[in-house]
Amino acid sequence: MRKKLKNLAALVDGAEIIGNADTFITDIVQDSRQAGRGSMFVCMEGAHVDGHTFIGDVAKKGAAAIITQRKGVKAPAGVAVLVVPNLDEALKVIVPAFFDYPGQQLRMIGITGTNGKTTTSYLVRAMLRQAGYKVGLIGTIQIMIGDKILPVHNTTPNVVDLQRTLHQMVEDGVQYAVMEVSSHALDQGRISGCEFDTAVFTNLTQDHLDYHKTMENYRDAKAKLFDMLGGPGLKPGKTAVVNIDDAAGAYMLEHAACEHITYAVESEKANLRAVEVRVRQTGASLAVQGSFGRIKLNLHITGMFNIYNVLGAVGAAVAENVSVNIIEQALENFMGVPGRFELVDCGQPFAVVVDYAHTPDGLENILRTARQITEKKIITVFGCGGDRDKTKRPIMGRIAAELSDAVIATSDNPRTEDPAAILEDVMKGVEEKIGTKPYEKIQDRHEAIFVAIAMAQPGDTVVIAGKGHENYQILKTGTIHFDDREVAREALGGIV
Ligand SMILES: CC(=O)N[C@H]1[C@@H](OP(=O)(O)OP(=O)(O)OC[C@H]2O[C@@H](n3ccc(=O)[nH]c3=O)[C@H](O)[C@@H]2O)O[C@H](CO)[C@@H](O)[C@@H]1O[C@H](C)C(=O)N[C@@H](C)C(=O)N[C@H](CCC(=O)O)C(=O)O
Ligand SMILES: Nc1ncnc2c1ncn2[C@@H]1O[C@H](COP(=O)(O)OP(=O)(O)OP(=O)(O)O)[C@@H](O)[C@H]1O
Ligand SMILES: N[C@H](CCC[C@H](N)C(=O)O)C(=O)O
Ligand SMILES: [Mg+2]
């Protein structure tokens with residue numbers, strides 16, 4: 001990758017270059033730690049730090065240029081400065097162009113919704129791989145390019161990292177990019193330059209009100225993905241795959257000027273329906289009805305919420321003309337997603353489930369699923385993250401108290417907040433609904449898991465919710481290693 005700075009500047013009205021306009025740019029980076037020889041560093045004024053403070057660092061690393069919207073910024077000799085009227089808007093144009101519009105060369109599948117994005121994306125990837133395609137995946141857990149795994153910082157990366165990743169996928173011969181599209185990403189334009197062929201809407205329930213403020217804003221952010229499916233100059237053959245059992249489904253369809261595939265368990269109007277659903281501890285069975293007839297499936301994943309994820313994923317596969325046989329094989333072979341209803345089995349006479357439920361709806365779903373497969377009692381260990389929607393904390397407390405037989409409230413990722421204060425918010429809800437059932441407040445998550453496992457009797461289920469696949473805990477003082485599954489195994493080691 002090698003482009004002249006002046007050719008990039010020409011894409012933006014009002015852009016001005018201070019320094020050598022003929023300098024060659026070999027990469028664009030938004031994090032100073034990624035800068036190298038020839039790169040152009042994006043000076044973003046963040047919520048925590050000002051990117052301009054790293055200009056000296058990137059110069060030492062050999063950066064060729066910086067891009068900023070601030071006039072009068074000085075850079076060391078040899079580093080050109082590209083000044084644009086609006087940095088966010090300029091990046092949306094310059095970055096996809098620099099990387100040769102990879103989002104138009106790949107077939108792209110975008111998945112949005114409060115819950116189920118990661119699971120649905122893994123299911124879609126499995127079906128496309130079974131069909132013989134080379135698939136890239138971008139989401140909460142990691143980036144995958146074929147079999148190669150790369151780490152992630154956000155569910156949907158910023159426009160620079162996303163375009164670079166998609167470019168890497170094109171270089172590696174990937175045909176399909178399957179990605180989670182978060183509401184933050186849609187609101188911030190992180191997906192500029194991407195042309196989605198198929199978009200899936202899973203559901204809309206409360207989360208992220210710290211950021212979006214109202215459910216209407218949150219819904220409108222999600223709807224932007226569907227706006228992108230219609231309009232002049234797009235490739236034909238776009239499909240919106242929408243859960244119409246969700247109250248916001250109709251709204252997403254209104255925004256999608258393209259083909260529609262609807263799915264549902266309840267609504268008989270849907271194009272794809274799940275019937276004869278049976279949920280067990282280690283799997284589920286169902287039949288999917290669609291224009292192709294009816295396929296019977298035996299799955300290794302369980303819970304009604306996963307039946308919805310399967311339907312959404314089947315919808316995407318149908319939109320991409322994957323055959324019914326391939327869909328069937330891929331789903332029956334699918335072993336689940338790390339940290340999503342993951343059973344920790346050390347031979348103990350009760351179930352231990354680690355799950356990523358971190359929203360009221362997610363927690364409700366997981367506890368209702370646990371109830372369906374639990375003979376005796378449900379013991380729930382959970383907490384809420386810091387620097388996130390505070391209003392969900394008492395709601396989740398109430399849900400845990402109502403749907404469990406015992407609750408241990410603990411810390412999740414407190415981030416910059418005081419964990420004791422977060423726990424108090426959660427406890428308000430727990431105490432409102434717990435009645436005479438046992439409950440405890442144990443801030444130390446390690447201890448909370450140990451206590452819950454020590455309480456469990458044969459036939460019970462211990463649900464450890466909120467952190468799923470995460471192998472870290474984000475504290476004010478830094479990030480430490482922490483893995484619910486490891487801690488559960490450690491605790492079980494003491495009793496089996
Ligand atoms: C609110 C929000 O979207 N914040 C994003 C924003 O962070 P920020 O404004 O705090 O950035 P900052 O830390 O002040 O840094 C400013 C600039 O300096 C740069 N920098 C920083 C440090 C350094 O050493 N060198 C350097 O160059 C940063 O790359 C950045 O460009 O820009 C960062 C770089 O792109 C993002 O990683 C960060 O996401 C943070 C981590 C975050 O937690 N975001 C959440 C709310 C989020 O986006 N979540 C969604 C959805 C989750 C879901 O699935 O439900 C997601 O897509 O992940
Ligand atoms: N379709 C669904 N409806 C409701 N809850 C779900 C659904 N799918 C998964 N969940 C619950 O939400 C949790 C997270 O699932 P998943 O990681 O697939 O969602 P996500 O949308 O990717 O989440 P994130 O917003 O963190 O990226 C699961 O562990 C489960 O508890
Ligand atoms: N993508 C979600 C994940 C939340 C996971 C939970 N463990 C927490 O830290 O709140 C978020 O960033 O809000
Ligand atoms: Mg996710």
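Just follow the structure's listing: the first ligand is 1, and inside any ligand the first atom is 1. Computed over heavy atoms, backbone and side chain alike; hydrogens, waters and symmetry mates excluded.
Those atoms of ligand 2 that come under 4.0 Å of a heavy atom in T155, given as number and element, are 27 (O). Atoms of ligand 2 found under 4.0 Å from any heavy atom of E180, numbered from 1 in the order shown, are 22 (O), 27 (O). Distances below 4.0 Å separate heavy atoms of F41 from the following atoms of ligand 1: 27 (O).
Taking a 4.0 Å cut-off on heavy atoms, T114 registers as neighbouring ligand 2. In this structure, Q188 is part of the shell of residues with a heavy atom less than 4.0 angstrom from ligand 1. Contact analysis leaves H153 out of contact with ligand 1, as no non-hydrogen atom separation drops below 4.0 angstrom. Using 4.0 Å as the threshold, H208 has a heavy atom nearer than that to some atom of ligand 1.
Of the candidates G113, G312, G116, G116 brings a heavy atom nearest to atom 19 (O) of ligand 2. Ranked by closest heavy atom to atom 49 (N) of ligand 1, the top entry among E45, H184, R33, H48 is H184. Taking each of E180, M44, R388 in turn, the one with a heavy atom nearest to atom 43 (O) of ligand 1 proves to be R388. One option in A185, S182, S183 has a heavy atom closer to atom 57 (O) of ligand 1 than any other, and that option is S182.
In this structure, the protein non-hydrogen atom closest to atom 10 (N) of ligand 2 is F305 CD1, 3.7 Å. For atom 25 (N) of ligand 1, the nearest non-hydrogen atom of the protein is S32 OG, 2.8 Å. What sits closest to atom 27 (O) of ligand 2 on the protein, heavy atoms only, is T140 OG1, 2.9 Å. When hydrogens are left out, the protein atom nearest atom 30 (C) of ligand 2 is D355 OD2, 3.4 Å; that is the closest non-hydrogen contact. The single protein non-hydrogen atom nearest to atom 36 (C) of ligand 1 is N154 OD1, 3.3 Å, given as residue, atom name and distance. Protein heavy atom at the shortest distance from atom 35 (O) of ligand 1 is N158 ND2, 3.1 Å. What sits closest to atom 11 (O) of ligand 1 on the protein, heavy atoms only, is G46 CA, 3.9 Å. Protein heavy atom in closest approach to atom 54 (O) of ligand 1: T155 OG1, 3.0 Å. Closest to atom 6 (C) of ligand 2, if we only count protein heavy atoms, is N115 CB, 3.4 Å. With hydrogens left out, the protein atom closest to atom 20 (P) of ligand 2 is K117 N, 3.4 Å, a heavy atom. Looking at atom 29 (O) of ligand 1, its nearest protein heavy atom turns out to be Q30 O, 2.8 Å. Nearest to atom 20 (N) of ligand 1 among the protein's heavy atoms is F54 CE1, 3.6 Å. The protein heavy-atom contact nearest to atom 18 (O) of ligand 2 is T119 OG1, 2.6 Å.
For K213 and Y218, the positive end is not near the middle of the six-membered ring at less than 6.0 Å and at most 45° from its axis.
At least one N or O atom of R190 sits closer than 3.5 Å to an N or O atom of ligand 1. The N/O atoms of Y211, backbone and side chain alike, include none that comes under 3.5 Å of an N/O atom in ligand 1. The shortest N or O to N or O distance between V49 and ligand 1 is under 3.5 Å. For ligand 1, the polar-atom distance check against H358 finds no nitrogen or oxygen pair separated by under 3.5 Å. Some N or O of A47 is nearer than 3.5 Å to an N or O of ligand 1, by distance alone.
Under the 3.5 Å distance criterion, the side-chain polar atoms of H52 are left unmatched by any main-chain donor or acceptor of M44.
With a heavy-atom cut-off of 4.0 Å, N365 touches ligand 2 through its side chain alone. Contact annotation for D361 and ligand 2: only side-chain heavy atoms (C-beta onward) come within less than 4.0 Å of the ligand. Residue-level proximity to ligand 2 for N309 is carried by the side chain, the only part with a heavy atom below 4.0 angstrom.
Legend: protein N/O/S atoms lying under 2.8 Å from the Mg ion (ligand 4), waters omitted, number 3.
Paired with D207 under the rule salt bridge (Lys or Arg N to Asp or Glu O under 4.0 Å), one option of K392, R393, R219 passes, and it is K392.
Residues G468 and D484 come closest through the heavy atom pair N-OD2, 4.4 Å.
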